[in-house]
Chemist: 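This structure is in structure tokens; I'll ask about it shortly.
Both ligands and their constituent atoms are indexed starting at 1 by order of listing. When reading the values below, keep in mind they use all heavy atoms of this one structure, side chains included, and skip hydrogens, waters and symmetry mates.
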Amino acid sequence: MGKDLTRRGFVRTAAGGSAALVWLSARRAPTVFAAQADKPALLGGTPMHQGGWPKWPQWDESWEPEIVEVLRSGRWSSAGGGGQVVDFETAYAKLLGANRCVTTASGTTALITSMHVMGVDAGDEVITSPYTFIATYNTILMLKALPVFADTDPATLTMDPASIESRITERTRAIVPVHIYGMPCDMDPINAIAKKHNLAVVEDACQAWLAEYKGRKCGTLGELGCFSFQNSKHIPAGEGGAVTGDSDELLDRCHAFHNCGRAFGTFKGSGCFSRGTNCRMMHYAAALLRQEIDKLVTDTKRRQENADHLTAGLQEIPGIQPVRLPENSRAVWHLYAFRYDADQFHGLPRDKFIRALRAEGVPCSGGYGEQYYDGLLDEAINSRGFQRLFPAERLKAYRGSLQELKGNKQVCETTVAVFHSTLLADRSDMDHIVEAIRKIHAHGAALAT
Ligand SMILES: Cc1ncc(COP(=O)(O)O)c(C=O)c1O
């Protein structure tokens with residue numbers, strides 16, 4: 001750099017006149033980086049990343065013999081007990097450090113099973129997170145209970161424990177924290193509130209296989225934990241789920257419920273049967289899942305290392321705020337999410353930022369929206385069943401209280417998320433993501449117009 005070329009001058013020179021590359025420090029005028037002179041792909045430049053990303057799910061031919069053996073045996077259903085399903089349940093419980101595991105047909109049915117066993121019933125209320133896959137809402141509604149939403153902490157994207165207590169009523173039966181995107185909720189205060197008010201805690205860990213909080217795995221932090229093994233998940237079987245926990249009594253009840261209500265272990269029900277459903281896993285799904293465990297462990301480590309690298313790069317970019325995790329916890333990144341501040345990108349709207357990032361070859365999305373306004377809750381609270389179960393004033397107040405979810409609204413409007421298989425790529429590919437965002441940052445003004 002020439003003697004008389006100051007840093008400011010260098011950046012201006014490198015920018016080739018781009019207004020976005022002027023070195024200013026005011027809030028609406030972002031800091032810039034030298035390596036961003038390329039034109040954004042959305043404006044006709046070359047994409048920062050080319051050559052695609054790892055596909056998901058991934059198949060390993062070495063898994064085939066065991067699965068074919070199950071298929072040839074004709075013993076596909078787990079109704080008779082034993083076999084591959086029990087082998088997987090034993091292995092999954094051990095992996096998590098849980099005493100027991102009962103597999104189910106899906107994460108949805110794992111949640112229904114767990115909440116039923118914890119006594120959630122018609123006319124109850126369940127406090128949960130609004131920032132989740134819609135199945136969390138649906139499972140509570142299926143039990144004819146009302147999902148009451150704690151607010152989302154914009155820094156963590158998970159349930160803000162400070163917003164729980166004011167939402168507890170005499171109808172509240174359980175808290176369902178959701179470890180969304182594989183990021184552990186702050187479970188200590190949640191468990192303390194549950195204990196104080198005598199509420200059950202069922203973890204929705206459907207996106208959090210092997211995530212850790214204070215040395216323990218998600219899914220072992222409440223009374224029962226629920227997992228999904230659906231096609232997109234880190235340990236996929238097309239469909240599948242599991243309930244984990246330490247209490248033999250609760251897990252026996254889960255087993256009974258998921259197996260048509262047949263008495264199981266210590267749980268005799270009322271004679272032979274109690275209320276239940278059929279949401280058993282099939283043996284060939286279990287044969288696949290058990291063999292995927294080693295891959296889950298190695299993939300998780302890789303996702304975590306790449307996510308750490310990504311976070312280190314992204315936190316240097318003004319307007320990009322990586323997610324804050326609870327102290328002494330480890331996320332597994334079902335989606336890698338960060339918050340986006342359009343002000344730091346010359347007002348470039350979040351949706352256009354997403355389009356620009358996709359154009360750079362980085363697949364991403366805006367995550368969940370304000371789903372409580374999408375019609376599902378209105379349909380439920382206007383239904384005959386809910387109108388019989390809840391006083392009209394309660395349903396009116398409930399509908400009105402959705403406006404109080406200010407943190408969640410902010411999260412829905414400002415989050416950007418990258419799919420987990422992207423984190424299985426090479427370290428240098430993570431640099432492409434960082435550089436792509438730096439490029440968009442540098443050209444925010446041009447992109448915003
Ligand atoms: C947070 C969360 N809860 C519940 C579920 C339901 O799981 P499933 O699709 O296996 O029924 C999912 C699945 O996507 C999920 O992500």
Chemist: With a 6.0 Å cut-off on the ring centroids, do Tyr131 and Phe149 count as close?
Modeler: no
Chemist: Can Glu212 and Arg216 be counted as an ion pair, charged N to O under 4.0 angstrom?
Modeler: no
Chemist: Under 3.5 Å, is there a donor-acceptor pair linking the side chains of Ser428 and Asp426?
Modeler: no
Chemist: Would Arg394 and Glu125 pass as an ion pair if we require N to O under 4.0 Å?
Modeler: yes
Chemist: Hey, is Glu165 close enough to Lys196 for a salt bridge, meaning N to O under 4.0 Å?
Modeler: yes
Chemist: Might you list the protein residues in contact with ligand 1, defined as having a heavy atom under 4.0 Å from one of its atoms, sorted by chain and number?
Modeler: Ser106, Gly107, Thr108, Leu111, Thr132, Phe133, Ala135, Thr136, Val178, Asp204, Cys206, Gln207, Ser228, Gln230, Lys233, Gly240
Chemist: So does Gln50 have more than 12 non-hydrogen atoms from other groups sitting under 6.0 Å from CD?
Modeler: yes
